[in-house]
There are 2 protein chains.
Amino acid sequence: MMRTYTIGELGRLTETKVETVRYYERVGLLPHPPRSSGNYRVYDDAHLGRLGFIRRARELGFSLDQVRELLDLAGQTTRSCEEVDEIVQAHVTDIERRIHDLQTLRQELTQLLAQCQHGKVAECRIIGALQPYADRPMAG
Amino acid sequence: MMRTYTIGELGRLTETKVETVRYYERVGLLPHPPRSSGNYRVYDDAHLGRLGFIRRARELGFSLDQVRELLDLAGQTTRSCEEVDEIVQAHVTDIERRIHDLQTLRQELTQLLAQCQHGKVAECRIIGALQPYADRPMAG
DNA sequence: TCTTGACCCTGTAATGACTACAGGGTGGAT
DNA sequence: ATCCACCCTGTAGTCATTACAGGGTCAAGA
């Protein structure tokens, strides 16, 4: 009494475009499902679970390679979850670095905006700040 | 008495890979420079200035399309710098959204890490939290 | 003069993670 | 019979580079 799903149903259930489901299959994240007589892909609950896992991990910002590792580890149920922890920890560190970079960027841009006197481009401090060789002409 | 540069010199001065300089030319961000007798690209200070502008704007996170707009506006010196302001402001808003998204993500992941009991994968809360259909089997 | 070696040239393909067709077949309802 | 929504494969596009492969150029040293 196993429920089956077409690729469209699977997509709706996991908020994944049909093309993306096929893409995951192509790159080996989803197993090749059996086919119907009309050559349609036939999915079951195991596929639904696996695709759900992938999408949730992607939402959390993991790369497909990281997702691959996590899926692999998730299958080895008796193993210590140390490596899972490491992957997540590394990802948090990466996210923190990106937050920091973006904050630096925002500050630079905000300072540029504060300097703008809303005059003509010729005197614009923003444009000026973008020109590291302001004494030279600029090609166009 | 105009200084000229080879593509390699230009790259060193602006911390740009040679391939990237050629790429900017291909997509129309840099004008086609004149060529030497041996078919080498010959750049001058105007090119240096323009490439510097591009690289600085890229460092500040502007897309190449935004850089194109900024370069275009920078050339229209008598125009009001309102549009420059708008582009930068839109970019700041975008960056703020990204910072916010990343902060949300970091919090979710930090919570996952806090729940990890460092046991076996079978009981791992992290893996569990990634499985939206935890009652179902998972294909592999 | 010859030969290194560093540089330059073009053109094409790869990266990540999809997305968007084109051109066709299937399935169920009317 | 016909319609439409859905499915199929295969290929190419996105963004901003980067990485070759397979050649040509140029200045210096032996």
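Residue numbering restarts at 1 for every chain, and letters A, B, ... go by the order of the sequence lines.
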For the side chain of [X], starting at C-beta, report the closest nucleotide among [options].
| X | options | result |
| --- | --- | --- |
| Ile7(B) | dC8(D), dC26(D), dC9(C) | dC9(C) |
| Tyr40(A) | dC18(C), dC7(C), dC8(D) | dC8(D) |
| Tyr23(A) | dT19(C), dC8(C), dC8(D) | dT19(C) |
| Lys17(A) | dT17(D), dA20(C), dC6(D) | dA20(C) |
| Leu64(A) | dT10(C), dC26(D), dA17(C) | dA17(C) |

TODO: Sequence neighbours left out, what passes side-chain contact (heavy atoms from CB on, under 4.5 Å) with Glu86(B)? Give chain and number order.
DONE: Glu82(B)
Task: Arg58(A) side chain near dC18(C) phosphate (N/O to OP1/OP2, under 4.0 Å) - done: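 For Arg58(A), the contact criterion (side-chain N or O under 4.0 Å from OP1 or OP2 of dC18(C)) is met.
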Open item on the list: Any residue in residues 94-109 of chain B with a heavy atom nearer than 4.0 angstrom to DNA chain D? Just list them by number, or reply none.
Closed with: none
Open item on the list: Judged by each residue's nearest nucleotide on DNA chain D, which is more toward the 5′ side, Asp65(B) or Arg22(B)?
Closed with: Asp65(B)
Open item on the list: With a 4.0 Å cut-off on N to O distance, would you call Asp101(A) and Arg98(A) a salt bridge?
Closed with: no
TODO: Starting from P on dT12(C), measure out to CD on Glu19(B) and report it in whole angstrom.
DONE: 16 Å
Open item on the list: On DNA chain C, does the nearest nucleotide to Arg26(A) precede the nearest nucleotide to Ser37(A) from the 5' side, or the other way round? Give the residue.
Closed with: Arg26(A)
Pairs of donor and acceptor atoms involving the side chains of residues 105-113 of chain B, under 3.5 Å and at least two apart or interchain, shall be tabulated with distances.
| from | atom 1 | to | atom 2 | distance (Å) |
| --- | --- | --- | --- | --- |
| Glu108(B) | OE1 | Arg56(A) | NH2 | 3.0 |
| Thr110(B) | OG1 | Arg106(B) | O | 2.6 |

